[in-house]
Amino acid sequence: MATSERKAITVVGSGLIGRSWAMLFLSGGYQVRIYDNQPGQASRAITEIRKQVGELQEAQMLRGKLSASEQLALLTSHDDLSQALEGAFFVQECVYEDLEAKQAVFQAVEAHVGEDVVLSSSTSCLMPSTIFSLLQNRSRCVVSHPVNPPYYVRLVELVPHPETLTSVMDMTFDLMTEVGQTPVRLRKEIDGFALNRVQYAIIAESWRLVKDGIISVKDIDLVMSEGLGMRYAFLGPVETMHLNAPEGLEDYLTRYRTGMRRVLSSFGPVPEFDGEAAARINKVCAVWPCVPLESHSKIHR
Ligand code: NAD
């Protein structure tokens, strides 16, 4: 039996991320049922998805094995939550980044679905243990944190609630892989998950260097876009260390351990990200065009 005949996924919240998830699940041949609590919003989302899927097909960038019309035939919009959840085996929540809103959504969803339906949140920085704390059955709950724009950036961080079953992590991992994403598993929850912890470390040191007058805004951005970023588009930090010394990681540590520790111990405190430094840095950014990230991806691919 084809995947599309077997399985439906409900996407709750049809903003930027909800629409992206819907397009990804469609590309995997799943029936996708979109719900939004703003009347008419889910059907407006479908109009937008139709446009995007058509454009992607024209540009030969549509993901999955099905044509645009085959994918769109699997998509429905609902203003009623219980209708939207009918037959779903997986629910991807994509409402505002607000703890109470997410808790209320999951309580409402739990009231309409069976115990084996997996409940997944797109949260960027709320902890699974708080989002799912009001639910009866937390063992089927997981955070699947995408990276904007998810249709182009494949990483998904899977973050468990302390009670999440391994089988739920495995099933979510398989689903994400099947629709062409690249899932990574965190073994337990931590504030910022993995991606934002690494991202914030880079942002903090870049900010300190500019704030302290060591380097200009333009040049610190070049340090990433023309330097570190070139490597990190292909390799992670551990593989980079391994390849950066003739005899691999041990050799790298022998050569650079002391220097790394000396430099790291000179890092300053967490920046305030406000005041004179923020005003100075903002002056530089203010002349740049403000194009949303998803448009960048379309331009660069
Ligand atoms: P958004 O503001 O574009 O969309 C939110 C949608 O949720 C709106 O359509 C709204 O009507 C709907 N909504 C609000 N409350 C609802 C409810 N109770 N029931 C049903 N629908 C409801 O937000 P977004 O950028 O799509 O973000 C959604 C989630 O994804 C957030 O948790 C965010 O942190 C996370 N996320 C965002 C990004 C990003 O870059 N935008 C990246 C990764 C994860």
Side-chain angles (χ1 to χ4, degrees), residues 9-25 32-49 51-52 75-86 88 90-113 119-135 141-159 161 172 176 179 181-184 186 189 191-200 203 290-298:
I9 295 178
T10 303
V11 171
V12 179
S14 61
L16 183 64
I17 294 300
R19 296 194 299 269
S20 296
W21 276 123
M23 288 166 58
L24 287 169
F25 295 136
V32 177
R33 309 166 72 85
I34 302 185
Y35 165 77
D36 201 289
N37 73 341
Q38 299 301 309
Q41 171 60 29
S43 75
R44 281 193 293 279
I46 288 204
T47 307
E48 172 61 25
I49 291 171
K51 183 168 159 274
Q52 282 195 41
L75 181 63
T76 51
S77 69
H78 305 264
D79 287 339
D80 179 88
L81 181 62
S82 63
Q83 260 182 20
L85 292 166
E86 266 169 35
F90 189 90
V91 178
Q92 184 67 38
E93 168 275 316
C94 318
V95 309
Y96 304 131
E97 189 73 348
D98 176 272
L99 178 60
E100 282 175 17
K102 287 190 191 288
Q103 286 176 330
V105 163
F106 280 117
Q107 281 186 299
V109 168
E110 190 174 50
H112 292 292
V113 297
L119 307 186
S120 169
S121 172
S122 302
T123 184
S124 302
C125 55
L126 297 169
M127 298 285 256
S129 58
T130 57
I131 295 179
F132 302 120
S133 62
L134 305 180
L135 298 188
C141 297
V142 62
V143 163
S144 305
H145 172 228
V147 185
N148 195 32
Y151 204 81
Y152 303 97
V153 183
R154 292 174 189 259
L155 187 81
V156 183
E157 294 184 283
L158 304 185
V159 191
H161 180 279
T172 309
M176 295 302 160
V179 300
Q181 296 301 88
T182 304
V184 292
L186 273 69
E189 66 179 11
D191 201 11
F193 311 149
L195 183 139
N196 275 328
R197 291 181 79 85
V198 173
Q199 172 166 242
Y200 293 161
I203 286 175
C290 204
V291 182
L293 269 178
E294 59 272 23
S295 314
H296 278 283
S297 311
K298 278 186 198 159

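In each ligand, atom 1 is the first atom listed, and ligand 1 is the first ligand listed. Heads up: numbering here begins at 1 and tracks the sequence. The structure presented is a predicted model; accordingly, all values stated were derived computationally and were not measured.
Qualifying ring-ring contact (aromatic ring centres under 6.0 Å, His included) partners for His161, counting only residues two or more places apart in sequence or in other chains: none. Considering only residues two or more places apart in sequence or on other chains, Phe25 meets the ring-ring contact (aromatic ring centres under 6.0 Å, His included) condition with Trp21. With sequence neighbours excluded, the residues satisfying ring-ring contact (aromatic ring centres under 6.0 Å, His included) with Phe193 are His145.
The only option from Leu81, Val91, Val95 that meets the side-chain contact (heavy atoms from CB on, under 4.5 Å) definition with Val105 turns out to be Val95.
Annotation: ligand 1 has protein neighbours Val12, Gly13, Ser14, Gly15, Leu16, Ile17, Tyr35, Asp36, Asn37, Gln38, Gln41, Cys94, Val95, Tyr96, Glu97, Lys102, Val105, Ser122, Thr123, Ser124, His145, Pro146, Asn148, each with a heavy atom less than 4.0 angstrom from the ligand.
Counting heavy atoms from C-beta outward, His112 and Val109 have side chains that stay 4.5 Å or more apart. Looking at Leu135 and Gln107, their side chains come closer than 4.5 Å, going by heavy atoms from C-beta outward.
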